[in-house]
J.: 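Got a structure here, written out as structure tokens. Questions coming.
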Amino acid sequence: MEDKNKFELTYKAPSEKERKIIESIKGQYEVNSAVPKSAYERIVKLDKKIKNTATIVALAFGIVGALIFGTGLAMVLEWGLIYWGILVATLGVPFIALAKPMHSILIKSGKKKHGATIIKLSEEFLEEGKK
């Protein structure tokens with residue numbers, strides 16, 4: 001016969017990987033999670049902002065150029081509109097050619113805009129590490 005007064009408790013602690021995932025998700029729902037808490041987090045956030053903005057804008061510029069160029073090719077090869085197709089394809093080439101320089105310009109502009117803040121935060125962070 002089984003003992004009816006018997007009590008069992010099973011406990012399983014989350015693994016380190018599970019804990020990190022849960023903390024990451026929890027951080028997304030905290031009220032002040034949009035505001036970085038440490039100098040390190042602010043530095044990383046600003047750096048990502050500079051690089052991601054430049055990448056997204058340059059990619060969009062290049063994709064638009066490729067689509068315009070492709071439309072011109074389709075006009076020539078499929079629709080038989082040779083002169084209009086050449087014109088449209090030629091209009092797409094500058095967009096494609098300027099995508100990489102635009103990325104570099106936006107990176108430089110972002111560094112100029114946020115560089116002083118990143119340097120200041122970096123110095124604060126590095127000073128904290130020496131203490």
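The structure displayed is predicted, hence computed values, not measured ones.
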J.: Sequence neighbours left out, what passes side-chain contact (heavy atoms from CB on, under 4.5 Å) with Ser104? Give chain and number order.
T.: Lys100
J.: Under the ring-ring contact (aromatic ring centres under 6.0 Å, His included) definition, can you give me all pairs with a residue in residues 38-75, not counting sequence neighbours?
T.: Tyr40-Phe125, Phe61-Phe95
J.: Just verifying a value: how many Å separate Thr53 OG1 and Lys48 NZ, rounded to the nearest 0.5 Å?
T.: 13.0 Å
J.: Under the salt bridge (charged side-chain N to carboxylate O under 4.0 Å, His left out) rule, what pairs show up with a residue in residues 69-85, not counting sequence neighbours?
T.: none
J.: At their closest point, which heavy atom of Ile86 faces which heavy atom of Val76, and how far apart are they?
T.: N-CG2, 3.7 Å
J.: Distance check, rounded to the nearest 0.5 Å: Arg19 atom CZ versus Glu16 atom CD?
T.: 6.5 Å
J.: Distance from Ile96 atom CD1 to Leu67 atom CG, nearest 0.5 Å?
T.: 9.0 Å
J.: Measure the spacing between NE2 of His114 and NZ of Lys45 and express it to the nearest 0.5 Å.
T.: 11.0 Å
J.: Mind checking side-chain contact (heavy atoms from CB on, under 4.5 Å) for Ile107 and listing every partner two or more places apart, or none if nothing turns up?
T.: Ile50, Lys51, Ala54, His103, Lys111
J.: With sequence neighbours excluded, tell me which residues meet side-chain contact (heavy atoms from CB on, under 4.5 Å) with Leu81.
T.: Met75, Trp79, Trp84
J.: Are Leu46 and Val57 linked, directly or through other ILVMFWY residues, by side chains that come within less than 4.5 angstrom of each other?
T.: no
J.: Do Val64 and Leu98 sit in one hydrophobic cluster, given that two such residues count as connected whenever their side-chain heavy atoms are within less than 4.5 Å of each other, even indirectly?
T.: yes
J.: Mind listing the closest non-hydrogen atom pair of Ile118 and Asp47 along with its distance?
T.: CD1-N, 4.3 Å
J.: Go through the structure and list residues passing side-chain contact (heavy atoms from CB on, under 4.5 Å) with Leu59, not counting sequence neighbours.
T.: Thr55
J.: Tell me the closest heavy-atom pair linking Ala58 and Ala99, and the distance in Å.
T.: CB-O, 3.4 Å
